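Note sheet for the following structure.
Every value quoted in this text rests on a predicted model; they were computed, and no experiment measured them. The figures that follow rest on heavy atoms only: side chains count, while hydrogens, waters and symmetry mates do not.
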Amino acid sequence: MLVVRNLTMPFKEIIITLQSVRNGRFDKKVQVTSNDEIGYTGDVINEMTAGLKERERMQQALNLAKEVQQNLLPKNNLKVDGIDIAAKSVYCDETGGDYYDFISIEDNDKQKIGVAIGDVSGHGISSALLMATVRSSLRQRASLPGSTAKIISDVNRQLVQDVEDSGQFMTMFFLALDPATRRLEWVRAGHDPGIVYDPGSDAFSELGGSGIALGVDVEWVYEDNRKTDLSNGQIIFLSTDGIWEARNKNGEMLGKEPILSAIRQNSSSDATQINDAIFDILDKFIGEVKIEDDITSVIIKIQN
């Protein structure tokens with residue numbers, strides 16, 4: 001009876017502790033003082049619960065970081081002066097390095113709409129911190145006079161100082177659109193070109209230009225690019241490479257063609273509907289496969 005009692009009591013203690021862990025409570029510890037296998041088992045369970053408690057704290061911190069980062073992105077799509085803009089980001093982790101923004105720009109008494117999209121190298125917490133840094137710097141600089149090229153050059157100069165020797169960088173496509181004149185200016189900082197679809201001619205064209213990623217060369221001077229023939233119905237598509245590099249369960253890559261087809265087929269819809277159609281194509285393609293990179297898409301439609 002004494003042997004049975006000495007075995008039963010520690011096992012009861014272990015079972016109670018494990019039941020607490022199963023219910024999400026990690027504070028209880030196994031009170032076993034023997035030096036045999038049962039005591040060792042108790043020590044291992046105590047170490048496990050301490051690790052689970054730390055993991056829970058980290059998860060709570062990640063969830064908070066996710067909430068903060070989501071609040072840095074525009075809360076609503078934008079419709080103003082015949083310009084319809086919709087955007088969406090999906091992160092592969094709790095936090096990510098993709099970024100988009102709508103910024104009001106004053107230029108010689110003209111009110112322009114600034115649209116930025118960016119992609120930080122890697123993803124996760126470090127990328128989220130760099131994304132927040134660039135957002136703050138871009139918004140502050142865009143509130144001052146200067147061309148799009150001057151704005152991005154100044155942001156790059158500041159970013160190089162922040163990430164020097166870290167190896168991190170950020171690609172960006174930044175444009176400024178004048179709703180009154182339909183003039184478009186943009187800077188391409190190592191990012192994929194923007195794509196313009198003209199339903200009238202059923203043709204796609206690229207918004208190209210030279211420029212390296214932000215955070216690489218402090219002396220780099222970015223160049224303005226301009227387009228003056230925007231017309232009603234035309235659609236501008238900006239995205240990060242995660243969208244067309246997404247893979248399905250067979251390892252096949254989505255590519256750009258299905259995305260361009262979705263834009264063509266939904267060109268009569270508003271910007272939000274076009275963007276939703278793009279993500280529908282993506283969701284059907286990847287199925288249950290978890291995305292491996294952050295995904296961001298921006299649609300700008302010129303309307304009457």
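Remark: the backbone N or O of Ala87 is paired with a side-chain donor or acceptor of Asn77 at under 3.5 angstrom. Of the possible donor and acceptor atoms, none in the side chain of Asn266 sits under 3.5 Å from a partner among the backbone N and O of Ser269. The backbone N or O of Ala262 lies less than 3.5 Å from no partner atom in the side chain of Gln265, so there is not a single donor-acceptor pair. Using a distance-only test at 3.5 Å, with no hydrogens or angles considered, no donor-acceptor pair links the side chain of Asn250 to the main chain of Glu252. Judged by distance alone, the side chain of Tyr222 and the main-chain N or O of Ser210 form no donor-acceptor pair under 3.5 Å. Judged purely by atom type and a 3.5 angstrom limit, Thr272 has no side-chain atom pairing as donor or acceptor with the backbone of Ala86. In terms of modelled atom types and a separation under 3.5 Å, the side chain of Asp84 and the main chain of Ala271 share a donor-acceptor contact. At distances below 3.5 Å, at least one donor-acceptor pair connects side-chain atoms of Asn156 with backbone N or O atoms of Asp217. Looking only at distances, no side-chain donor or acceptor of Arg141 sits under 3.5 Å from a matching main-chain atom of Val155.
Inter-residue side-chain proximity for Leu73 and Ser89 is flagged as met; some heavy-atom pair is nearer than 4.5 Å. In this structure, the side chains of Ile113 and Val80 come closer than 4.5 Å at one or more pairs of heavy atoms. Counting heavy atoms from C-beta outward, Phe174 and Trp186 have side chains that stay 4.5 Å or more apart. The side-chain heavy atoms of Ile300 and Leu175, taken from C-beta on, include a pair separated by under 4.5 Å. Residues Ile85 and Lys79 fail the side-chain proximity criterion, which asks for heavy atoms closer than 4.5 Å. Residues Asp154 and Gln158 fail the side-chain proximity criterion, which asks for heavy atoms closer than 4.5 Å. Ile83 has its side chain out of reach of Gln303: every pair of non-hydrogen atoms, C-beta onward, lies at least 4.5 Å apart. Here the side chains of Lys88 and Tyr100 are not in contact, with every heavy-atom distance at 4.5 Å or above.
One hydrophobic cluster, built from ILVMFWY side chains closer than 4.5 Å, cannot hold both Trp244 and Val196; they sit in different ones. Ile243 and Tyr91 fall into different hydrophobic clusters, defined by Ile, Leu, Val, Met, Phe, Trp and Tyr side-chain heavy atoms under 4.5 Å apart, directly or through other members. The hydrophobic cluster containing Met172 also contains Leu238, counting ILVMFWY residues as joined when their side-chain heavy atoms lie under 4.5 angstrom apart, directly or transitively. Neither Ile259 nor Leu207 shares a network with the other; the hydrophobic side chains, linked directly or stepwise wherever heavy atoms of I, L, V, M, F, W or Y lie under 4.5 Å apart, form separate groups for each. A single hydrophobic cluster is not seen to contain both Ile263 and Phe173; linkage of ILVMFWY side chains at heavy-atom distances under 4.5 Å, directly or through other members, places them apart.
Closest heavy-atom contact between Ser127 and Ser121: OG-O, 3.0 Å. Here the closest non-hydrogen pair linking Ile105 and Ala176 is CD1-CB, 4.0 Å. The heavy-atom pair separating Ala149 from Asp224 by the smallest distance is N-OD1, 2.9 Å. Here the closest non-hydrogen pair linking Leu138 and Ala116 is CD2-CB, 3.7 Å. Nearest approach of Thr171 to Ala213, heavy atoms of both residues: CG2-CB, 4.0 Å. Among all heavy-atom pairs drawn from Tyr197 and Asp202, the shortest one is OH-OD1, 2.7 Å.
For the atom pair CD (Gln111) and CG (Leu177), the distance works out to 12.0 Å, reported to the nearest 0.5 Å. Atom NZ of residue Lys256 and atom OG of residue Ser239 lie 7.0 Å apart, to the nearest 0.5 angstrom. Note that OG of Ser147 and NZ of Lys150 are 8.0 Å apart. Values are rounded to the nearest 0.5 Å.
Within 6.0 Å of the CD atom in Gln140, the count of heavy atoms belonging to other residues, nucleotides or ligands does not exceed 12. More than 12 heavy atoms of other residues, nucleotides or ligands shown are found within 6.0 angstrom of NZ on Lys227.
Classification of Arg182 and Asp178 as a salt-bridged pair fails, no side-chain N sitting under 4.0 Å from a carboxylate O. Using a 4.0 Å cut-off between charged nitrogen and carboxylate oxygen, Glu223 and Arg188 do not count as a salt-bridge pair.
Using modelled atom types, one finds a donor on one side chain and an acceptor on the other under 3.5 Å when comparing Asp101 with Tyr99. Checked by atom type, the side-chain pair Thr296/Asp98 shows a donor-acceptor distance below 3.5 Å.
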Given the rule in the side chain to side chain contact (heavy atoms under 4.5 Å, CB included) test, do Leu184 and Ile236 qualify, once you have shown the distances and angles that lead to the verdict?
CA-CA 11 Å; Leu184 178 66; Ile236 302 172; 4.0 Å; yes

Side chain to side chain contact (heavy atoms under 4.5 Å, CB included) between Ile299 and Phe237, worked out
CA-CA 5 Å; Ile299 292 290; Phe237 170 62; 3.7 Å; yes

Asp293 vs Asp241, test: side chain to side chain contact (heavy atoms under 4.5 Å, CB included). Steps then yes/no.
CA-CA 9 Å; Asp293 195 5; Asp241 56 12; 3.5 Å; yes

Please evaluate residues Leu159 and Val218 with respect to the criterion side chain to side chain contact (heavy atoms under 4.5 Å, CB included), reporting the C-alpha separation (whole Å), side-chain torsions for both, the decisive distance (0.1 Å), and the verdict.
CA-CA 8 Å; Leu159 184 62; Val218 70; over 6 Å; no

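Listed by chain and number, the residues in a side chain to side chain contact (heavy atoms under 4.5 Å, CB included) with Ser136 amount to none (sequence neighbours excluded).
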Considering only distance and modelled atom types, tabulate donor-acceptor pairs under 3.5 Å from the side chains of residues 274-289, sequence neighbours left out.
unit_1	atom_1	unit_2	atom_2	d
Asn275	OD1	Ser297	OG	2.6
Asn275	ND2	Ser297	O	3.4

